[in-house]
> 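Quick one: structure below, then a few questions.
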Amino acid sequence: MRGRSTGVAYDVTTLALVFAAVFAGGLVTGVTGFGYAIVATATLASLLEPRTAIVVVILPILAANLSLVTELDRAGLRSCVRRFWAFVAAGAVGTVAGMVALTRIPAAPLSAGLGLFTLGYVAVSQPWIGLPGQRRFESFCLVETHARKGLLGVAAGLVFGASNVGVQVVAYLRSLDLDHETFVGVVAMIFLGVGTVRVATAWLLGLYGSSSLLAVSAAAAVPGLVGVTAGKRLRPMITSRRRDAAVYTMLVVIGVRLAGAGLAGL
């Protein structure tokens, strides 16, 4: 089945918006180790058709995580592959299913879903208030069997494939109490593995629509990588409190805007 991708007039203004959004996503990811997909996608979806925004960000996410995965040395990479291969494999399967669903979701529900997922990301990731049931969720995740990782991977892949939202992956890895460098590398490794599958799947499903959208996505990887590099350099200079306040405030504003626009269009 071939999917639908809304046409976009690729004028200078549109390209500037795309590049600015992926740069912002890369900057946040360079500083925090995660957040590229949600920041870039949510920002673009508030300006472009949501499905187009999701598809445009696929290649920049892949490139950014290719850069970040180098924070794992060879021994660390081998260890993480052995530990998380079931999660990555199951996540790839779930991602394909999620992308098939993406071809069938109308624009208004997709916008509302992105907005609500963005707000959910903030609720789960923010460090100030513990959520009801969070400890139970963490105790479930901390039982590291291949079956448990496979189940979580499929669920995470479904959401990620349909929306670019990876909060469920971040929440899972945070529950494992990894050191920051390992956390950044493992997040990148998982999104790199799943992202490779997404590129091929998006093409086969016709989500790119034409080579022009694919070209825009590939070009957008460059400012995204610039943002990641800048974020890495800023990481030691920014306190976690200021970083969290800025990122979560921005995401709340974007999430409310997306959810409101989507719900109004239902």
Side-chain angles (χ1 to χ4, degrees), residues 18-41 43-44 53-96 98-99 153 156-157 160-161 163-170 172-173 178-204 207-208 211 213-235:
V18 171
F19 293 167
V22 296
F23 175 83
L27 190 67
V28 170
T29 300
V31 172
T32 66
F34 61 94
Y36 192 126
I38 188 68
V39 172
T41 304
T43 303
L44 273 181
I54 291 170
V55 174
V56 164
V57 178
I58 291 176
L59 279 175
I61 292 173
L62 187 66
N65 286 299
L66 183 61
S67 170
L68 287 171
V69 81
T70 59
E71 297 198 15
L72 288 171
D73 57 26
R74 288 187 178 181
L77 182 59
R78 286 195 297 268
S79 174
C80 289
V81 169
R82 286 194 300 268
R83 186 175 178 183
F84 295 104
W85 70 265
F87 185 87
V88 175
V93 173
T95 295
V96 172
M99 295 187 74
F160 186 60
S163 66
N164 281 353
V165 176
V167 58
Q168 59 285 352
V169 177
V170 173
Y172 165 60
L173 293 176
L178 304 171
D179 65 83
H180 187 69
E181 286 73 20
T182 302
F183 170 78
V184 171
V186 172
V187 169
M189 182 194 73
I190 291 173
F191 284 129
L192 182 62
V194 174
T196 302
V197 175
R198 295 187 78 209
V199 175
T201 304
W203 180 260
L204 290 173
L207 287 169
Y208 286 111
S211 58
L213 185 57
L214 180 61
V216 170
S217 182
V222 176
L225 287 173
V226 173
V228 171
T229 301
K232 286 181 180 179
R233 293 181 179 178
L234 288 174
R235 190 187 299 170

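All heavy atoms count here, side chains included; hydrogens, waters and symmetry mates do not.
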> Return the set of residues passing side chain to side chain contact (heavy atoms under 4.5 Å, CB included) with Ala53 (not counting sequence neighbours), or none when no residue passes.
Leu44, Ala45

> Going from CG on Asn65 to OG1 on Thr196, what distance comes out if it is rounded to the nearest 0.5 angstrom?
9.5 Å

> Any chance you could measure Leu207, atom CG, to Ile58, atom CD1, to the nearest 0.5 Å?
7.0 Å

> Any chance you could measure Leu225, atom CG, to Thr29, atom OG1, to the nearest 0.5 Å?
11.0 Å

> I'd like to check the side chain to side chain contact (heavy atoms under 4.5 Å, CB included) partners of Ala92; sequence neighbours left out, ordered by chain and number.
Val197

> Enumerate, atom names and distances included, each donor-acceptor pair closer than 3.5 Å involving a side-chain atom of residues 216-223, sequence neighbours excluded.
unit_1, atom_1, unit_2, atom_2, d
Ser217, OG, Val56, O, 2.7
Ser217, OG, Leu59, N, 3.4

> Could you pull out all residues at least two apart from Arg233 that satisfy side chain to side chain contact (heavy atoms under 4.5 Å, CB included)?
Thr229

> Can you find a heavy atom in the side chain of Val194 that is under 4.5 Å from one in the side chain of Met189?
no

> Compute both the distance and the angle, then confirm whether Arg198 meets the cation-pi test with Phe191: under 6.0 Å from the six-membered ring centre, within 45 degrees of the axis.
no

> Going by the rule ring pair (Phe, Tyr, Trp, His ring centres under 6.0 Å), which residues pair with Phe183 if we only count those two or more places apart in sequence or in a different chain?
Phe34

> Taking it one step at a time, do Leu234 and Leu27 satisfy side chain to side chain contact (heavy atoms under 4.5 Å, CB included)?
CA-CA 9 Å; Leu234 288 174; Leu27 190 67; 3.9 Å; yes

> Tell me every residue that passes side chain to side chain donor-acceptor pair (under 3.5 Å) with Thr41, counting only those two or more places apart in sequence or in another chain.
Asn164

> What is the minimum heavy-atom distance between Ala156 and Val169, and which atoms define it?
CB-CG2, 3.9 Å

> What residues, two or more places apart in sequence or in another chain, satisfy side chain to side chain contact (heavy atoms under 4.5 Å, CB included) together with Val228?
Tyr36, Ala64, Ser67, Leu68, Lys232

> Among residues at least two apart in sequence or on other chains, which ones pass ring pair (Phe, Tyr, Trp, His ring centres under 6.0 Å) with Phe23?
none

> Take Phe160 and Ile190, measure what side chain to side chain contact (heavy atoms under 4.5 Å, CB included) needs, and give me the verdict at the end.
CA-CA 12 Å; Phe160 186 60; Ile190 291 173; over 6 Å; no

> Identify the heavy atoms of Ile61 and Ala37 that sit nearest to each other, and give their distance.
CD1-CB, 3.4 Å

